[in-house]
Amino acid sequence: MRDEVDLVVPVKTLDRAKTRLTSATGDPVTHAALALALAMDTVAAALRTEGVRRVVTVTSDPAVAAEMAALGVESVPEPAESGLNAALRHGAAFLRSDRVGALQADLPALRPAELAAALRRAGGRRAYCPDRQGTGTTLLLAAPGCDLDPRFGVGSASAHAVSGAIALLGPWPSLRCDVDTADDLRVATALGIGEHSSKITVISTTK
Ligand SMILES: Nc1nc2c(ncn2[C@@H]2O[C@H](COP(=O)(O)OP(=O)(O)OP(=O)(O)O)[C@@H](O)[C@H]2O)c(=O)[nH]1
Ligand SMILES: C=C(OP(=O)(O)O)C(=O)O
């Protein structure tokens, strides 16, 4: 279907991922397990979303690639150029899709109905969903036939707005709740995190 989107989900190597969450996890094994679980819940929700045709992850971590394969998701190794935006451009080029998007891998409360509603709201337009703080970006959608042109990083919400993307601002708390800190994890847990993240015992999600 022409309106469907193919999504690239970037996942950092687990031993480097989610450094701001270290206070909630405590030890490296639990930390890596949580970083992986966040990505698995995000991808599992995306796979169940109406309007999403395909999901690929960009990761050079074999543990991530193996777990994604178990979900039926292909993984592309990171390109020679480092960084999140290079990884996303690489994934988008791999997909060769008419309509491509980027979904962050740290949305463990993501509800398929909320992602589907955001995709519908975007219609055929370049669009982005800001995180709950309003500064970062959780979802970026290219217009059909256009490059993804990702501008993730500090202040990416305004960078995406400047690039011509419209803001997707519906009642979609699960799509806006990226988990960077223990406080974010507390908010996501209150919304209802997915089965993989629920199994990880963290030290504390309170400040
Ligand atoms: N493949 C890939 N993914 C990345 C890279 N940098 C960030 N990501 C992913 O992009 C998403 C958003 O990144 P952040 O929220 O900053 O996550 P993070 O870098 O793991 O967290 P911090 O260490 O706390 O900054 C997460 O899903 C990361 O896994 C990268 O260089 N390559
Ligand atoms: C890289 C980003 O993620 P975060 O702000 O969550 O680090 C971003 O939102 O552009």
Side-chain angles (χ1 to χ4, degrees), residues 7-25 28 30-46 55-65 67-68 71 73-95 101-110 115 118 127-141 148-163 165 167-168 174-185 187-188 193-194 196-197 200 202:
L7 292 177
V8 182
V9 179
V11 190
K12 236 183 192 176
T13 303
L14 294 177
D15 63 7
R16 293 191 300 119
K18 292 287 138 207
T19 52
R20 286 167 281 173
L21 261 181
T22 310
S23 64
T25 51
T30 305
H31 189 81
L34 180 62
L36 176 59
L38 299 177
M40 290 179 73
D41 283 329
T42 305
V43 167
V55 178
V56 299
T57 61
V58 180
T59 187
S60 289
D61 192 314
V64 175
E67 294 298 334
M68 291 300 162
L71 294 178
V73 167
E74 195 171 350
S75 290
V76 186
E78 304 224 15
E81 186 185 352
S82 64
L84 174 54
N85 290 316
L88 290 169
R89 286 190 293 270
H90 185 63
F94 171 83
L95 278 168
L103 183 70
Q104 298 285 45
D106 54 5
L107 305 168
L110 183 62
L115 177 55
Y128 73 100
C129 182
D131 63 14
R132 71 186 178 90
Q133 291 87 1
T135 53
T137 303
T138 61
L139 170 73
L140 174 67
L141 299 167
L148 183 60
D149 187 14
R151 301 180 185 203
F152 287 85
V154 175
S156 64
S158 53
H160 287 132
V162 166
S163 78
L168 299 168
S174 77
L175 178 59
R176 298 191 64 179
C177 189
D178 58 346
V179 170
D180 292 323
T181 64
D183 196 44
D184 293 331
L185 186 56
V187 174
I193 53 177
H196 300 98
S197 306
I200 312 297
V202 297

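Computed from a prediction, not measured in an experiment: that's the story for all the values here. In listed order, ligands and their atoms are each counted from 1.
The protein heavy atom nearest to atom 2 (C) of ligand 1 is E78 OE2, 3.4 Å. Nearest protein neighbour of atom 4 (P) of ligand 2, counting heavy atoms only, is D180 OD2, 3.7 Å. Among all non-hydrogen protein atoms, the one lying nearest atom 8 (C) of ligand 2 is S156 OG, 3.3 Å. At the top of the distance list for atom 9 (O) of ligand 2, counting protein heavy atoms only, stands T137 N, 2.8 Å. The protein atom (non-hydrogen) at minimum distance from atom 3 (O) of ligand 2 is Q104 NE2, 3.6 Å. Annotation: atom 9 (C) of ligand 1 to nearest protein heavy atom, P10 O, 3.5 Å. For atom 23 (O) of ligand 1, the closest non-hydrogen atom of the protein is T19 OG1, 2.5 Å.
A pairwise comparison of heavy atoms in A35 and L14 identifies CB-CD2, 3.8 Å as the closest pair. When every heavy atom of A188 is checked against every heavy atom of P108, the shortest pair comes out as CB-CG, 4.1 Å.
Of all atoms in ligand 2, listed by their number and element, those nearer than 4.0 Å to a heavy atom of G153 are 1 (C), 8 (C), 10 (O). Short contacts between ligand 2 and D178, defined as distances under 4.0 Å to a heavy atom of the residue, involve ligand atoms 6 (O). Of all atoms in ligand 2, listed by their number and element, those nearer than 4.0 Å to a heavy atom of G136 are 9 (O). Residue A17 approaches ligand 1 through these ligand atoms, each under 4.0 Å from one of its heavy atoms: 20 (O). Here is the list of ligand 1 atoms found below 4.0 Å of a heavy atom in D106: 15 (O).
Here the straight-line distance linking atom OG1 of T25 with atom CD1 of I200 works out to 10.5 Å at 0.5 Å rounding. In this structure, OG1 in T30 is found 12.0 Å from CG in L21, a value given to the nearest 0.5 Å. Here the CG-CG distance, from L140 to L88, works out to 8.5 Å after rounding to the nearest 0.5 Å.
Ring geometry for H160 against F152 counts as perpendicular: the plane angle is over 60°, on a 0 to 90° scale with 30° as the lower cut.
Residue A87 has no N or O atom closer than 3.5 Å to an N or O atom of ligand 1. For ligand 1, the polar-atom distance check finds an N/O of V58 within less than 3.5 Å of one of the ligand's N/O atoms. In terms of N/O distances under 3.5 Å, ligand 1 is not approached by T59. Between D106 and ligand 2, no pair of N/O atoms sits closer than 3.5 Å. Considering backbone and side-chain N/O of L84, none are found under 3.5 Å from N/O of ligand 2.
With hydrogens and angles ignored, the 3.5 Å screen pairs no side-chain donor or acceptor of R132 with any backbone N or O of D178. At least one donor-acceptor pair closer than 3.5 Å links the side chain of T22 to the backbone N or O of T19.
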Original post:
Under the side chain to side chain contact (heavy atoms under 4.5 Å, CB included) criterion, do K18 and H31 qualify, and how do the steps go?
Top reply: CA-CA 8 Å; K18 292 287 138 207; H31 189 81; 3.8 Å; yes
Discussion item. Between D106 and T42, does the side chain to side chain contact (heavy atoms under 4.5 Å, CB included) criterion hold? Intermediate values first, please.
Written reply: CA-CA 7 Å; D106 54 5; T42 305; 5.7 Å; no
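Nearest to atom 16 (O) of ligand 1 by heavy atom, out of Q104, R20, K12, K18, is R20. For atom 8 (N) of ligand 1, the nearest non-hydrogen atom from the set V64, D180, L84 belongs to L84. Comparing R20, K18, R151 by heavy-atom distance to atom 7 (O) of ligand 2, the nearest is R20.
Under the 3.5 Å distance criterion, with hydrogens and angles disregarded, a donor-acceptor pair is assigned to the side chains of S75 and T57.
Within the 4.5 Å cutoff, the side chain of L95 has heavy atoms near those of the V56 side chain.
Applying the side-chain hydrogen bond (donor to acceptor under 3.5 Å, both in side chains) test between S156 and each of T137, N85, T135 identifies T137 as the sole match.
Under 4.0 angstrom from ligand 1, there are no non-hydrogen atoms of D178.
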